[in-house]
Amino acid sequence: MISDKMQKELNEQVNKEFYSAYMYLAMSAYCNTIGLPGFAHWMRLQYEEENMHVTRMYDYILNQGGEIHLKAIEEPPTEYGTPIEVFEQTLEHEQFITKSIHKLMSLAVQETDYATQTFLQWYVTEQVEEEANVNDILLPLRMVGEDKSGLMLIDQQLSGRAVPTPPPEN
Ligand code: FEO
């Protein structure tokens with residue numbers, strides 16, 4: 001069982017993860033329109049990964065006898081600027097999500113809610129990986145800048161991103 005406050009905050013996080021999925025789908029479409037299919041592929045898989053983050057959290061709330069409150073998902077932008085700006089916004093967003101997960105963990109600690117702490121630990125670790133993955137792409141992107149052949153090479157690399165592994169069951 002989880003507290004009413006925890007239930008509310010987990011539902012808020014479900015909404016943020018839904019927004020993440022929505023934003024990455026919008027970014028995928030944008031990358032397609034600017035002629036970067038590899039970037040679009042990476043973002044499309046990120047969209048799928050975020051959906052898994054959503055359903056894992058949704059299942060946990062239900063498993064704990066909680067109620068699901070699905071709220072309206074904010075509309076993401078349709079344009080994201082240069083390829084570097086696309087990934088800068090990705091990093092910024094993931095840092096926002098990391099902070100949000102940490103706030104949830106603080107609440108679970110404060111409430112001595114051991115089950116939710118264990119559940120959230122996976123997200124804490126996942127956020128380290130998410131930020132590292134984006135930084136690993138931003139580094140070469142900043143090196144090539146606006147150089148077209150450099151961008152094409154990175155696009156080719158991003159087209160090789162593998163389908164994400166589903167998270168562990170609760
Ligand atoms: Fe679900 Fe990218 O954080």
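We count ligands from 1, going down the list as the structure has it; atoms in each ligand are counted the same way.
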For this session: Give a yes or no on whether Glu50 keeps an N, O or S atom under 2.8 Å from atom 2 (Fe) of ligand 1.
Result: yes
Exercise. Got a sec: is Glu17 within less than 2.8 Å of atom 2 (Fe) of ligand 1 via an N/O/S atom?
Worked result: no
Problem set entry | Ring-ring centroid check Phe87 Trp42, cutoff 6.0 Å | yes
Problem set entry | SB check Glu12 Lys103 (cutoff 4.0 Å) | no
Exercise. From His93 NE2 over to Met27 CE, what is the distance, rounded to the nearest 0.5 angstrom?
Worked result: 8.0 Å
Exercise. Quick check: does Glu130 put an N/O/S atom under 2.8 Å from atom 2 (Fe) of ligand 1?
Worked result: yes
Exercise. So with a 6.0 Å cut-off around CZ of Arg44, is the heavy-atom count from everything else above 12?
Worked result: no
Seminar exercise, completed: Per residue His53, nearest N, O or S atom to atom 1 (Fe) of ligand 1 is named ND1
